[in-house]
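Each chain gets a letter, A, B and so on, in the order its sequence line appears, and its residues count up from 1.
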2 protein chains.
Amino acid sequence: MLHEQIEINEAAVILKLLGDKTRLTMVKILDKQECCVCEFVEIFQTSQPAISQHLRKFRDLDLVKEERRGQWIFYSINKNNELYPLIQQILQFLPSQEFRLKKLEEDGTRISCC
Amino acid sequence: MLHEQIEINEAAVILKLLGDKTRLTMVKILDKQECCVCEFVEIFQTSQPAISQHLRKFRDLDLVKEERRGQWIFYSINKNNELYPLIQQILQFLPSQEFRLKKLEEDGTRISCC
DNA sequence: TGTATATATAAGCAAATAATTATATACTTA
DNA sequence: TAAGTATATAATTATTTGCTTATATATACA
């Protein structure tokens, strides 16, 4: 067995968290680059509170790091989290989502903040 | 990239399915041995319809195979499912649940069917 | 054939979840 | 300091989920 073991209950919590297409996409993006709230709002064409609430769930599990820079708060994935190896394995199966940020750039909507 | 890619939406569906401690434990067990409904009822100390409903979700995604033998229906994991490689990776992080069936045997409650 | 056992399904309900709307906080800049 | 922007939080609501109870189906066996 190569991995640190994760208790079933704890694993179920993280899997449920990732079992939402918005959050799963967010994590896939954050695994490659940091991102601020306004970009997620643009990418998912949803409300800012909806995004903030998804991010809070990640924060509550210490899965992301946040760093304020001026008005903006940048989120990145916390690779030190004990659950990160599991997350990383899962993300390997998912297609790159870099096109989403590329699209923002092309549209000129990769907002001021970034 | 070693794996077949899985669309984000499809991955979110399976992760949500695994994001329940009962179902996650069921899959971990089924990955090692087939099991019938009555055993799950005993293991989880829950109702038979509750177990049947969990199993139906697996069947709907073709994640399990069922085989009737007399009165009993034995479930096993469908290793041919395109999502199985992802599931297998996830299960690697989880502690063995074989003790649960061992306990049934010791208790003499590894019921008539098995 | 009648009764018992194993399983599935349907209906109803309570809890959990995810969105919305409204508001608060923090920072920037004029 | 006032106005604007980015983000968080709280309250409300709609939807989803997982359980229960009741019932149906399939098989076994006396």
Side-chain angles (χ1 to χ4, degrees), chain A residues 8-9 12-27 30 34-76 104 108-114, chain B residues 8-9 12-27 30 34-76 104 108-114:
Chain A
I8 292 261
N9 288 2
V13 169
I14 179 67
L15 293 172
K16 181 184 287 183
L17 203 72
L18 296 179
D20 171 279
K21 66 181 195 291
T22 300
R23 283 193 297 264
L24 188 57
T25 307
M26 289 170 83
V27 171
L30 288 174
E34 61 182 15
C35 210
C36 67
V37 179
C38 59
E39 289 179 309
F40 283 132
V41 170
E42 192 64 31
I43 288 171
F44 296 109
Q45 293 290 303
T46 185
S47 70
Q48 175 267 315
I51 296 297
S52 272
Q53 285 161 26
H54 285 309
L55 286 167
R56 177 147 69 130
K57 293 182 184 188
F58 290 137
R59 264 188 291 125
D60 286 348
L61 289 183
D62 198 33
L63 292 177
V64 295
K65 295 186 288 187
E66 53 179 336
E67 183 189 333
R68 179 178 280 277
R69 289 187 213 139
Q71 296 167 276
W72 301 285
I73 296 177
F74 286 79
Y75 283 87
S76 57
L104 289 196
T109 42
R110 183 153 185 187
I111 313 178
S112 44
C113 63
C114 314
Chain B
I8 291 262
N9 288 3
V13 169
I14 177 68
L15 293 172
K16 180 183 288 182
L17 204 73
L18 297 179
D20 171 279
K21 66 181 196 289
T22 301
R23 282 194 298 264
L24 189 57
T25 307
M26 288 170 83
V27 171
L30 289 174
E34 61 182 16
C35 212
C36 68
V37 178
C38 59
E39 287 179 311
F40 283 131
V41 170
E42 191 65 30
I43 287 171
F44 296 109
Q45 291 292 301
T46 185
S47 70
Q48 175 268 314
I51 295 297
S52 272
Q53 286 161 22
H54 286 307
L55 286 167
R56 177 148 69 132
K57 293 181 185 186
F58 291 136
R59 263 187 291 124
D60 286 348
L61 289 183
D62 198 34
L63 291 177
V64 295
K65 295 187 287 188
E66 53 179 337
E67 184 189 332
R68 179 179 280 277
R69 289 189 213 138
Q71 297 165 275
W72 301 284
I73 296 177
F74 286 78
Y75 283 88
S76 57
L104 289 197
T109 43
R110 182 154 186 185
I111 314 178
S112 43
C113 62
C114 313

Mind checking the CE-CG spacing from A:M26 to A:L17? Nearest 0.5 Å is all I need.
10.0 Å
Spacing between A:L18 atom CG and C:dA18 atom C1', to the nearest angstrom:
16 Å
Upstream residue (5' side of DNA chain C) when A:T22 and B:R56 are each assigned their closest nucleotide:
B:R56
Any side-chain N or O of A:Y75 below 4.0 angstrom from OP1/OP2 of D:dA8?
yes
Show each protein N/O and nucleotides 15-17 of chain D N/O combination with a separation under 3.5 Å, one pair to a line.
from, atom 1, to, atom 2, distance (Å)
D:dT17, OP1, B:K16, NZ, 3.4

Taking side-chain hydrogen bond (donor to acceptor under 3.5 Å, both in side chains) as the definition, give me every residue that meets it alongside A:E67, ordered by chain and number, with sequence neighbours left out.
A:R69
Rounded distance (nearest 0.5 Å) linking atom CG of B:D62 with atom CZ of B:R59:
11.0 Å
May I ask you to evaluate whether A:H54 reaches the phosphate of C:dT17, defined as a side-chain N or O under 4.0 Å from OP1 or OP2?
no
Using distance only, find each side-chain donor-acceptor pair of residues 48-58 of chain B under 3.5 Å and give its atom names and separation, not counting sequence neighbours.
from, atom 1, to, atom 2, distance (Å)
B:Q48, NE2, B:S52, OG, 3.1
B:H54, ND1, B:R23, NH1, 3.1

To the nearest angstrom, how far is A:I51 atom CD1 from C:dT17 atom P?
18 Å
Could you grab the distance from atom SG of A:C35 to atom OH of A:Y75, nearest 0.5 Å is fine?
11.5 Å
note: A:M26, atom CE; D:dT7, atom C1'; distance rounded to Å ~ 13 Å
So which protein nitrogen or oxygen atoms get under 3.5 Å of nucleotides 20-27 of chain C's nitrogens or oxygens?
from, atom 1, to, atom 2, distance (Å)
C:dT20, OP2, A:S47, OG, 3.0
C:dT20, O4, A:Q53, OE1, 3.4
C:dT20, O4, A:Q53, NE2, 3.0

What is the distance, rounded to the nearest whole Å, between atom CG of A:L55 and atom P of D:dT9?
11 Å
Taking side chain as C-beta onward, heavy atoms only, is B:L18 less than 4.5 Å from B:V27?
yes
Specify the separation, in whole Å, of atom CD of B:E66 and atom C1' of D:dT27.
15 Å
Please tell me if the side chains of B:L30 and B:L63 come closer than 4.5 Å, counting only heavy atoms from C-beta onward.
no
B:R68: what forms a salt bridge (Lys or Arg N to Asp or Glu O under 4.0 Å) with it, not counting sequence neighbours?
none
Whole-Å distance, B:W72 CH2 to D:dT25 C1', equals 17 Å
Rounded distance (Å) that lies between atom C1' of C:dA19 and atom CZ of A:F40:
18 Å
Residues two or more places apart in sequence or in another chain: which of them pass side-chain contact (heavy atoms from CB on, under 4.5 Å) with B:K21?
A:I8, A:N9, A:A12
